[in-house]
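What follows is a short report on a single structure.
Residue numbering restarts at 1 for every chain, and letters A, B, ... go by the order of the sequence lines. For clarity, every value in this text was computed on a predicted model and none was experimentally measured. Both backbone and side-chain heavy atoms feed into the values below; hydrogens, waters and symmetry mates do not.
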Amino acid sequence: MKIKEIANKLNISPRAIRFYEEKGLISPVKQEHNQYRTFTEKEIWRLQTILSLREAGMTIEDIKKALAEVDKEDKEELLYYLELQRSVMFSQWLELKQILETTDQMIGLMKQQQSLDLHNIFELAEGSKRLRESRKNWYDKWNFDHKASSHDEYVRNNNDEYQNYEEALDMIVQWVSPQQNEWGLDIGTGTGNLAGKFLTRNIKMAAIDQSKEMLKQCRRKFPNMETKLGNFLAIPYLDEDFDFVVTSFAFHHLTHEQKKLALTEMRRVLKPHGRICIADLMFENRKKQVEYLQDLSEKGMNNTVKAIQDEYYSILTDLLEWFDKNRYITKYHQINDFLYIVYAVPI
DNA sequence: TTTCTCACA
DNA sequence: TGTGAGAA
């Protein structure tokens with residue numbers, strides 16, 4: 001088939017088809033004598049795929065990568081690209097939503113004061129910008145993709161960071177004690193251990209993680225769990241979706257600023273009565289953190305100091321304060337030196 | 001008709 | 001991320 005025929009068939013310009021070729025997405029054979037391109041069924045299918053992915057908002061470069069996976073017939077990798085795409089779109093949606101909110105607040109201010117209070121508006125804009133950057137600045141410096149295959153074993157054998165692991169997970173299930181028809185979300189699920197505990201109690205669960213390799217393991221262990229690529233700062237679900245949100249041993253990977261954003265995100269995807277349960281490594285308060293780090297550096301354990309600073313352990317009192325401000329009733333329990341479990345129910 | 005190239009938004 | 005014009 002010649003270029004105009006498929007152009008008509010697919011409702012695009014011949015020019016666009018040549019453009020896709022130029023970008024390396026397709027490579028139709030050219031006839032010897034006149035250099036006309038000829039297209040086979042396979043190429044039409046490929047073009048259709050390109051158009052669909054384009055429709056889904058993928059850039060040419062991303063489509064190129066995705067098509068490479070199609071060529072390799074790697075279903076899982078293609079799925080990953082689609083999910084990655086979805087999570088990117090979700091972040092963009094959240095950003096737009098946030099800009100909308102900021103604008104609404106500005107409109108509100110204008111109406112209230114009948115004049116431009118530049119200072120207020122500047123603060124709003126700054127706040128919005130900070131949130132956006134906070135989202136953008138997240139990256140996986142711990143390389144969880146790399147750790148995925150040995151993660152479960154590491155957890156079992158690590159009596160430091162993952163001390164009382166099973167106990168903590170069981171306690172979350174117990175504290176949340178979900179009803180049969182409820183639906184929960186596990187953020188930073190890793191290989192799905194926490195979500196799995198709910199699932200085996202016949203509770204419908206969604207599990208998200210930013211690492212595709214972790215999710216692979218998770219799907220292998222729990223084939224009927226819903227899994228999605230995503231993170232704390234852009235939870236890939238619509239508003240008011242879940243009855244409860246849980247997370248274990250993951251919250252400390254966020255900076256303090258990002259933690260607040262994450263809590264706001266959790267509240268967004270929760271139904272109004274939705275509850276939150278977090279098990280993680282924390283300091284009881286800021287004073288204890290300072291003292292502990294001082295103590296360590298006096299002992300010359302600078303590596304440990306750095307490790308703890310890098311992991312941004314939560315401050316229990318900060319967390320409780322946020323919940324209090326946002327009208328939650330909380331209870332918490334200290335499991336060991338650093339491991340706490342916090343449970344929050346809206347008033 | 002189609003191809004290619006250059007410029008343009 | 002495409003499009004338009006013009007020459008071959």
- Note on the structure: The residue, A:Glu22 or A:Lys2, whose nearest nucleotide of DNA chain B is more 5′ is A:Lys2
Measure [atom1]/[X] against [atom2]/[N] and give the value in whole Å, please.
X       : N     : atom1 : atom2 : value
A:Lys23 : C:dT3 : NZ    : P     : 13 Å
A:Phe19 : B:dA7 : CZ    : C1'   : 15 Å
A:Gln31 : B:dC4 : CD    : P     : 13 Å
A:Ile26 : C:dG2 : CD1   : C1'   : 14 Å
A:Ile17 : B:dT3 : CD1   : P     : 9 Å
A:Ile3  : C:dT3 : CD1   : C1'   : 14 Å
A:Lys30 : B:dC4 : NZ    : C1'   : 9 Å
A:Arg18 : B:dT5 : CZ    : P     : 12 Å

- Task: Indicate the ring-plane relationship of A:Tyr165 and A:Phe249, choosing parallel, tilted or perpendicular according to the 30° and 60° boundaries.
- Result: tilted
Think [X] has a side-chain N or O under 4.0 angstrom from the OP1 or OP2 of [N]?
X       : N     : value
A:Arg15 : C:dG4 : no
A:Arg37 : B:dT3 : yes
A:Tyr20 : C:dT1 : no
A:Lys4  : B:dT3 : no

- Near-ring test A:Phe198/A:Phe222, centroid separation under 6.0 angstrom: no
- Query: Between A:Tyr332 and A:Tyr343, does the ring centre distance come in under 6.0 Å?
  - Reply: no
- Same hydrophobic cluster for A:Ile44 and A:Tyr20, using side-chain heavy-atom links shorter than 4.5 Å among ILVMFWY? yes
- Message: According to a hydrophobic-cluster definition based on side-chain heavy atoms being under 4.5 Å apart (Ile, Leu, Val, Met, Phe, Trp, Tyr only), do A:Ile208 and A:Phe244 belong together?
- Response: no
- Please work out if A:Arg54 contacts a base, only the sugar-phosphate, or nothing of the nucleic acid, heavy-atom cut-off 4.0 Å. sugar-phosphate
- Looking only at N and O atoms, is any donor in the side chain of A:Tyr36 or the base of B:dT3 less than 3.5 Å from an acceptor on the other one? no
